[in-house]
Amino acid sequence: MKKLINAVDDVVKEQLEGVAVAHPELTVKIGPHYVYRADAPVAGKVAVVSGGGSGHEPMHGGFVGMGMLAGACPGEVFTSPTPDQMYECAKAVDSGAGVLFLVKNYTGDVLNFETAAELAHADGIKVQNILVDDDVAVKDSLYTAGRRGVGTTVIMEKIVGAAAEAGKDLDACADLARKVNLMGRSMGMALTSCTVPAAGKPTFDLGENEMEIGIGIHGEPGQKRMAMTTADEITEMMMNEILDDKGYSRTVREWDREAGDWVDKHLTDEPYSEGDQFIVMVNSMGGTPVSELYAVYRKVDEMMKARGMTIARKLIGPYITSLEMAGCSITLVKADDELLGYWDAPVNTPGLRWGV
Amino acid sequence: MKKLINAVDDVVKEQLEGVAVAHPELTVKIGPHYVYRADAPVAGKVAVVSGGGSGHEPMHGGFVGMGMLAGACPGEVFTSPTPDQMYECAKAVDSGAGVLFLVKNYTGDVLNFETAAELAHADGIKVQNILVDDDVAVKDSLYTAGRRGVGTTVIMEKIVGAAAEAGKDLDACADLARKVNLMGRSMGMALTSCTVPAAGKPTFDLGENEMEIGIGIHGEPGQKRMAMTTADEITEMMMNEILDDKGYSRTVREWDREAGDWVDKHLTDEPYSEGDQFIVMVNSMGGTPVSELYAVYRKVDEMMKARGMTIARKLIGPYITSLEMAGCSITLVKADDELLGYWDAPVNTPGLRWGV
Amino acid sequence: MSVSKEQIVSWLKATADVMSENKTYLTELDSAIGDADHGINMNRGFSKVLEKLPTIEDSDIGNILKTTGMTLISTVGGASGPLYGTFFMRAGMALASKETLSNDDVYTMLNTGMEGVISRGRASVGDKTMIDAMMPAMAAFKNTLDNGGDLLAAMKACVQGAEQGMKDTIPLQAKKGRASYLGERSIGHQDPGATSSFLMLNMLLQALEA
Amino acid sequence: MSVSKEQIVSWLKATADVMSENKTYLTELDSAIGDADHGINMNRGFSKVLEKLPTIEDSDIGNILKTTGMTLISTVGGASGPLYGTFFMRAGMALASKETLSNDDVYTMLNTGMEGVISRGRASVGDKTMIDAMMPAMAAFKNTLDNGGDLLAAMKACVQGAEQGMKDTIPLQAKKGRASYLGERSIGHQDPGATSSFLMLNMLLQALEA
Ligand SMILES: Nc1ncnc2c1ncn2[C@@H]1O[C@H](COP(=O)(O)OP(=O)(O)O)[C@@H](O)[C@H]1O
Ligand SMILES: Nc1ncnc2c1ncn2[C@@H]1O[C@H](COP(=O)(O)OP(=O)(O)O)[C@@H](O)[C@H]1O
Ligand SMILES: [Mg+2]
Ligand SMILES: [Mg+2]
Ligand SMILES: [Mg+2]
Ligand SMILES: [Mg+2]
């Protein structure tokens, strides 16, 4: 394992110390770890908070700032953060307008954020948890932990962050987050494994002519292993899974503030169709340079045109990564004017910045 | 070799096609390849143009746009572009205010841009070539081709692009570029080699416990090979070379528009000292994720504070890369108010965006 | 025979040791069907428990277990953090202010803990999770007591049940947790969480035998 | 003996072939002390020359060489593109409108070409560049003619000089081009540009012998 790190146990801490000195507009707390806008709580505004294992940078810490997240809770590498981080972060950023936790659908993230929501609620903080589960590589929710939360998270954080900045209340922000999730689909692939610092060696081995299709973002193996092929064929394979996806149903637990308890909610998304417009992200898993993403984007654009679909906005680069893994993911979020409006709103974070 | 590419011979072309569809605000010409602002020529404004081998993305094509480059000429991977690309690009972007070529100091880039300048001049275009040669890993200019142009290029393109946008004339822009170069110093290191698509295998082999110190940006081996060590020690090694550098002298060829010929110019930069403020870039060579850069940045910040120096602005991420090489480089540019003013000016390019 | 506070404390210490010894092993199991951190997670959590024990070992068993649970929740992360955390929190809450444990108390501790895991994680037997080790273990414990066995016999049966349940995860296709994403590719691997559950119960047996 | 246009054209064709055959070899030499593209660059440029030749082979030798030079300049890139491009452009300019070449014309072609390379690249013998192959080659050519040798003898001496010069680059520390960044680490490797120069001159010998 060769990485620019010092001691394996200090990886997350030292990276956060770097964030702290690089970005005085953020406040970084070490032990329990969380990062939040230095100007938080922002009066009258809902605080959008996310978190997850480290190793996905710039997500989430790099998306904290004006117009996006109020705070983020980084766990150990690829390990969901703990409820105390989330709870402390919520207390730091809550203006009284409430805290919205955006939670990627992994058992660990879900359970830890649930506990955090309970703690925050007990403290009188208005709170809601919204899941992201957009990974079409996971086929059903009955025989699995359900679709993973992947690329749509980035787009959700931007859009819901903009809505919060615009003064929307907690329920409106939660509704918007749920809507983005139902509009979003992703699929990823790996050319190489990555190495969790604490493990010291690659999570899996891939032959010189192999790739993993349908991976998540934790260096885990994917849906299937295949012989390496061209960028066009890889893109086609992933795009077809995304575009042909036929409406996915799941049951999610959301927080009932009145009852002070969890309620099950059944959600189904609709297939995409001709004439739809999208926010598209072609994302590097970390080790793939942006140049290769453009070759993929070229094919994405071609395929969408062939289906009479429009790319209204795009992101091309490393936004939700798996350490130094080589590979890419594609995310589509069907977008209406409301979503595009929030997308275009100013944002000023280490990882995403425009309009300011 | 596993990459997201189709045919090896089409790598650059297909990536440019991706850029074309992703960025309608840019015009992309294929054969000879060049990329320029769709709104060029911008009346009354100097056109800043750069170029070099491909494989360093987002540089240079990703820095074309309002407030930065007017055009860029991508060569084959790691191979300087040819004069016809530069000449066609110059014709496309020249508003009559002239074209400033920013040239990284590699024999190939220098020679090709010289020929391009001669062609442009013969066509009546006001032209100047300014070299970037900031790599302190190259020790002298007498027994080598001189310091390589590396990280300072990015900062120069931003600053000089802003000056051009502000309406400065060709000589003022050239003076500013020369000034930035004399203020800038960089050093890079590699944890892995990278693979030139046409070559099909890594340019060099590095053992599991080895690294290369003092590399350029073309996947070439560096100043020396060493045993792998911690992020702190690596950062110290590179920063000491940068901070202790004692004023480097070189002779550069610049264009004399009156004489229509090249003139030699002797340039020497000054050592940095206590109280200086800087624009700092901690850059990924491609395969190193941004998280690790923050560990490096933390140490950079610590060392500069210890010397009474200030980081006034920073960039942390992959800006000038060597394909998928793992490793990083550090660039310091000593900055006065003029430089910082241009740095802060709005910029809107695929790779760098703020203020708009 | 009753179980002393010291035995509970030495159980927790032994569990910390066994997680440290098996850190690499558990992580390797998690490499195959997860994200290569289960051993690291468990070791991080239980080292913290070990650190905390001196400050709490004089309080009652309920409190010791609850603090263990809270420590795990705030240090482990991942799926196993809230699950093992809940195990000990619920166990502790069920044994509030106890200074010693009867045989039935031991069963209450283990079974309430397991029920907490189920209510949080919603896993059933056969889903290829720690529940596959816990469920037969707790059933065997109860069964032995019900049939007149003593505590040690019950605990031995418990550990045997856990071990068998752990091994039985190998042919299963995971339906919960991260391994479920692998679909059929999860078949043929032993579940890391079931393995850590077996280790933890085995350490309780050791503590009771001492 | 005079050299025909057809011989010049077949020299260029043979050079295209030899660069294609040696693409990997030249690139490997460039991996050791450069950026692993010299063979790729030379092959890209000369394939284009090969493509263009049918459209220009009826014009005069000066023009054929000039067009070759311009083609190389606009397709090779890197350091070698402008250098070899200049070589052929200058050679062509010095032989404007010639339909055949005398012995002295051949020398003029080679030497003017080399001087063009020197004026662009400013390299001297010993800098570990293509000049290390060209300089002894052109000197041997001239020397043989001056001593009454015929064209073939001169060209053979030229190729021998190039080959020796190429081999002599091995112990040198590079002072120009990309290899110079390696300092002492450039020692022990043969210069790729000197190698392509030898190959190119060797093809001229073949064309003259045919
Ligand atoms: N819903 C669940 N109920 C019970 N146990 C579960 C559940 N999901 C996962 N697990 C257990 O957690 C273990 C993985 O823990 P760990 O690797 O620490 O967390 P993560 O999967 O978040 O990386 C699995 O081996 C499994 O035994
Ligand atoms: N200044 C120079 N003068 C003459 N030849 C040079 C000079 N610089 C480099 N070369 C030659 O160019 C060769 C490298 O060419 P190539 O690999 O195609 O270009 P690049 O170095 O730009 O990748 C070297 O081996 C050397 O012979
Ligand atoms: Mg995990
Ligand atoms: Mg090159
Ligand atoms: Mg795990
Ligand atoms: Mg080369």
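Throughout, protein chains are lettered first and strands after them, A, B, ... in sequence-line order, and every chain is numbered starting at 1.
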What part of B:L16 gets within 4.5 angstrom of chain A, counting heavy atoms only: side chain, backbone, both, or neither?
neither
Name the region of B:I316, side chain, backbone, both or neither, that has any atom closer than 4.5 Å to a heavy atom of chain A.
side chain
Roughly how far, to the nearest 0.5 Å, is CD of B:Q15 from CG of B:L4?
10.0 Å
For the pair B:H56 and B:F78, evaluate ring pair (Phe, Tyr, Trp, His ring centres under 6.0 Å) and give the outcome as yes or no after the intermediate values.
CA-CA 8 Å; B:H56 309 302; B:F78 292 167; 5.3 Å; yes
Are the ring centres of B:H23 and A:Y297 closer than 6.0 Å?
no
A:P346 versus chain B, the contacting section by heavy-atom distance below 4.5 Å
neither
Which region of A:M189, side chain (C-beta onward) or backbone (N, CA, C, O), has a non-hydrogen atom less than 4.5 Å from a non-hydrogen atom of chain B, or is it both or neither?
side chain
Chain A contact via B:K2 - side chain, backbone, both or neither, heavy atoms under 4.5 Å
both
Taking A:E57, A:E14, A:K305, A:M1 one by one, which has the highest count of heavy-atom pairs under 4.5 Å against chain B?
A:E14
Portion of A:V19 that has a non-hydrogen atom of chain B nearer than 4.5 angstrom
both
Side chain B:T288, main chain B:G327, donor-acceptor under 3.5 Å
yes
Part of B:N6 lying under 4.5 Å from any heavy atom of chain A
both
Please classify the contact of B:V296 with chain A as side chain, backbone, both or neither, using a heavy-atom distance under 4.5 Å.
side chain
How about A:K29: does its NZ atom have over 12 heavy atoms from other parts shown lying under 6.0 Å from it?
no
Mind checking the CD1-CD1 spacing from A:I234 to A:I213? Nearest 0.5 Å is all I need.
6.0 Å
